[in-house]
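Residue numbers run from 1 in the order of the sequence given.
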Amino acid sequence: MADRSNRRVGGKNTGNYYNGIDGNTVRQLNAVPKRREREVPKYRPQRRPERQPARMPGIDGASFVFMLCALCIVMFVAFAYIHTHNTVHSMKKEIVSMQAEIEKQQEKNNIKYNEILASVDLAEIYKRATKKLHMVMADGNKVYKYKNKKSDMVKQYADVPGPGN
């Protein structure tokens, strides 16, 4: 055999066999592989069977009825809550309007009361009672208490004199 200058290091060839020939093929420089063209398959409509609607596994009629009843109960409770909430809200509005009306009435009452107090002149009343009606102020020892032992009814024998009499 001829002098071989190749030595194997780690299982790889470090040199060329016989001056540039490596294995059983010779390398070509700038060799471009041929391009393969694929055949375009002709479009053929495929007949597929119609799809059946998917069935939900695990839900039978009883479970469906139970879920439907539960949904109805939840909806009823939700509508009842909304109705109650709206009722409470409208009552709060009504209470606020009534409170405002009460405040207006109290203000009117206070104004009328102050007008009445301003129109009453105690000095004029005292003068009219003492001069015109000849009344006298009672002292502590001049007050007589009368107890009617017969009944609470008082008989009137004559008309009470008016301011013009």
Anything under 3.5 Å between a donor and an acceptor, one on a side chain of residues 62-83, the other on a protein residue two or more places apart or in another chain? List them.
unit_1, atom_1, unit_2, atom_2, d
S63, OG, D60, OD1, 2.8

Side-chain donor-acceptor contacts of residues 90-107 below 3.5 Å, not counting sequence neighbours, with atom names and distances?
unit_1, atom_1, unit_2, atom_2, d
S90, OG, N86, O, 3.3
S90, OG, T87, O, 2.8
S97, OG, E94, O, 2.7

Ignoring hydrogens and angles, write down the donor-acceptor pairs under 3.5 Å from the side chains of residues 113-131, residues two or more places apart or on other chains.
unit_1, atom_1, unit_2, atom_2, d
N114, ND2, N110, O, 3.2
S119, OG, E115, O, 3.4
S119, OG, I116, O, 2.8
T130, OG1, Y126, O, 2.9
T130, OG1, K127, O, 3.3

